[in-house]
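What follows is a short report on a single structure.
Sequence lines set the chain letters: A, B, ... in the order given, protein chains first and strands last, and positions in each chain run from 1.
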There are 2 protein chains.
Amino acid sequence: MSEHGVARHTRQKDALLQQLRGCEGFVSAQELHRRLTDSGASVGLATVYRQLNSLAESGAVDTVRLDGQQMFRICDDDSHHHHLICSGCGKTIEIEPPDMEWMRQIARSHGFKINSHTLEIFGLCSDCQHKRATQPTRNSAIERR
Amino acid sequence: MSEHGVARHTRQKDALLQQLRGCEGFVSAQELHRRLTDSGASVGLATVYRQLNSLAESGAVDTVRLDGQQMFRICDDDSHHHHLICSGCGKTIEIEPPDMEWMRQIARSHGFKINSHTLEIFGLCSDCQHKRATQPTRNSAIERR
DNA sequence: TTTGCTGCAAACCTTTTGCACCTAT
DNA sequence: ATAGGTGCAAAAGGTTTGCAGCAAA
């Protein structure tokens with residue numbers, strides 16, 4: 001991505017954004033690229049990554065790491081939020097933990113300067129719990145612990 | 001790692017465990033391998049990975065993902081805990097968030113069955129905040145957001 | 001002896017990058 | 001025309017795996 005200059009409007013950027021909006025939950029770059037290809041609006045994999053990174057940097061999408069790969073999702077609002085994520089189908093529910101003030105307090109008491117934090121809950125949604133016996137929608141691997 | 005059978009006692013297992021115990025905070029597999037090599041007790045990288053994975057699976061170490069790689073750390077007790085991690089030097093402080101009951105409640109209310117969750121706070125410890133101007137001890141990259 | 005563990009190198013995967021070409025502006 | 005975006009293929013990491021040899025039990 002370019003450092004300066006004005007963002008340019010391109011076909012692939014549109015296609016990617018549109019495809020991303022159509023996604024239920026988090027998708028990996030690879031998966032998104034696959035869907036784009038399947039839907040005919042082919043976009044280079046490198047472009048998908050560059051676009052996604054740029055979006056993440058600007059805060060337009062938020063990301064989460066699941067099982068060794070980065071997952072992306074259109075970010076509805078600007079606030080920082082957390083997620084309840086189905087590791088079966090990627091379905092995502094935004095959750096708002098009550099009172100995260102203790103986090104700042106803990107950090108302060110240890111002399112830390114917080115850069116970022118993660119708080120994600122992984123599990124199976126009710127649909128995927130039932131499909132479980134057959135085969136998970138996409139990816140049954142769960143982060144350890 | 002073998003699926004069944006009795007675990008065997010080996011030089012490299014000892015060396016790895018010992019080295020791991022000597023670590024302040026989380027270390028990556030690569031870093032641990034480097035330290036082992038440096039300290040003379042050379043152990044194959046593959047073995048480090050296999051050993052680490054096995055330990056993680058058994059719960060003897062816990063892991064965290066930082067900046068695209070998995071980090072490992074000896075687990076003091078069996079309880080599930082969370083961390084305040086310095087992304088400069090890897091120093092880790094175990095923290096105990098007050099009341100995580102809401103997590104179960106949220107999951108239940110959405111019909112989810114929790115498999116795992118992550119809650120880690122990344123930042124710079126006071127030492128690394130000061131070194132900052134020069135060069136971070138190891139790795140200044142921070143997970144996005 | 002048996003069979004788990006190890007080392008090496010090759011294989012895998014995801015993500016990044018160099019570079020020439022293309023195309024909004 | 002200018003310079004940001006794109007595609008391709010190569011490169012870069014980190015992690016896993018196949019396999020033959022080694023060594024605990």
Side-chain angles (χ1 to χ4, degrees), chain A residues 1-19 26-37 40-58 60-61 63-72 90 138-144, chain B residues 1-19 26-37 40-58 60-61 63-72 90 138-144:
Chain A
M1 212 71 326
S2 58
E3 297 307 319
H4 305 296
V6 185
R8 209 168 274 185
H9 182 185
T10 67
R11 173 185 69 78
Q12 17 298 74
K13 201 174 294 187
D14 277 352
L16 188 146
L17 232 24
Q18 184 188 318
Q19 188 67 244
F26 281 88
V27 261
S28 66
Q30 303 277 350
E31 171 74 12
L32 188 58
H33 174 249
R34 209 171 307 130
R35 294 193 192 183
L36 280 166
T37 305
S42 136
V43 176
L45 180 58
T47 300
V48 172
Y49 274 104
R50 281 191 277 236
Q51 228 30 267
L52 245 23
N53 282 337
S54 151
L55 287 170
E57 199 156 338
S58 75
V61 305
T63 78
V64 130
R65 238 177 227 292
L66 174 59
D67 194 46
Q69 58 182 44
Q70 194 131 20
M71 313 277 288
F72 303 82
R138 189 182 69 237
N139 178 353
S140 65
I142 306 299
E143 285 217 318
R144 200 149 13 242
Chain B
M1 216 65 328
S2 56
E3 298 306 320
H4 305 294
V6 186
R8 208 167 274 186
H9 182 184
T10 67
R11 174 185 66 79
Q12 17 296 77
K13 204 172 293 187
D14 278 352
L16 187 147
L17 233 23
Q18 184 188 317
Q19 188 67 243
F26 280 88
V27 260
S28 65
Q30 304 278 347
E31 171 74 13
L32 188 58
H33 174 248
R34 208 172 306 130
R35 295 193 192 181
L36 280 166
T37 305
S42 136
V43 175
L45 180 56
T47 298
V48 172
Y49 274 104
R50 281 190 277 235
Q51 217 50 252
L52 245 22
N53 283 337
S54 149
L55 287 170
E57 200 157 337
S58 76
V61 306
T63 77
V64 131
R65 237 176 227 292
L66 175 60
D67 195 48
Q69 58 182 46
Q70 193 129 20
M71 314 277 288
F72 303 82
R138 191 180 69 235
N139 178 354
S140 63
I142 305 300
E143 288 217 320
R144 196 147 20 240

Inset, instruction - Considering just the side-chain nitrogens and oxygens of A:Asn53, establish if one lies under 4.0 Å of OP1 or OP2 belonging to C:dT15. - result: no
Inset, instruction - Could you tell me whether A:Gln12 contacts a base, only the sugar-phosphate backbone, or nothing, with contacts defined as non-hydrogen atoms closer than 4.0 Å? - result: sugar-phosphate
Inset, instruction - Would you indicate which nucleotide in D:dT16, C:dT6, C:dT15 comes nearest to any side-chain atom of A:Gln69? - result: C:dT15
Legend entry - Polar side-chain atom of B:His33 near backbone of B:Gly44 as donor-acceptor pair, under 3.5 Å: no
Inset, instruction - Locate the shortest heavy-atom distance separating A:His9 from A:Asp14; write the atom from each residue and the value. - result: NE2-OD2, 2.8 Å
Inset, instruction - Kindly say if A:Gln51 contacts the phosphate of D:dT6, meaning a side-chain N or O under 4.0 Å from OP1 or OP2. - result: yes
Legend entry - Distance test, side-chain N/O of B:Tyr49 to OP1/OP2 of D:dT15, below 4.0 Å: yes
Inset, instruction - Would you please confirm or rule out a distance under 4.0 Å between OP1 or OP2 of D:dG5 and any side-chain N or O of A:Thr47? - result: no
Legend entry - Closest contact, heavy atoms only, B:Ala56 versus B:Thr63: CB-CG2, 3.8 Å
Inset, instruction - Let me know the distance between CE of A:Met71 and P of C:dT14, rounded to the nearest Å. - result: 11 Å
Inset, instruction - Grab the CG-P distance between B:Leu17 and C:dC5 for me, whole Å please. - result: 14 Å
Inset, instruction - Answer yes or no: is there a side-chain heavy-atom contact under 4.5 Å between A:Thr47 and A:Thr10? - result: no
Inset, instruction - Determine, step by step, whether A:Leu16 and A:Leu52 satisfy the side chain to side chain contact (heavy atoms under 4.5 Å, CB included) criterion, reporting the C-alpha distance in whole Å, the side-chain angles of both residues, the deciding distance to 0.1 Å, and the verdict. - result: CA-CA 9 Å; A:Leu16 188 146; A:Leu52 245 23; 4.0 Å; yes
Legend entry - Distance (rounded to the nearest 0.5 Å) between B:Gln30 CD and B:Gln69 CD: 6.5 Å
Legend entry - Integer-rounded Å distance: C:dA24 P and A:Asp14 CG: 11 Å
Legend entry - Separation of atom CZ in B:Arg65 from atom C1' in D:dG14, rounded to whole Å: 9 Å
Inset, instruction - Mind calculating the distance between CD (B:Gln30) and P (D:dA12) to the nearest angstrom? - result: 15 Å
Inset, instruction - Consider the side chain of A:Arg50, meaning its heavy atoms from C-beta on, and name the nucleotide among C:dA9, C:dT17, C:dT6 that approaches it most closely. - result: C:dT17
Legend entry - Value in whole Å for how far the P atom of C:dC5 lies from CG of B:Leu52: 15 Å
Atom pairs, N/O to N/O, protein against nucleotides 22-25 of chain D, distance under 3.5 Å?
unit_1, atom_1, unit_2, atom_2, d
D:dA24, N3, B:Arg8, NH1, 3.4

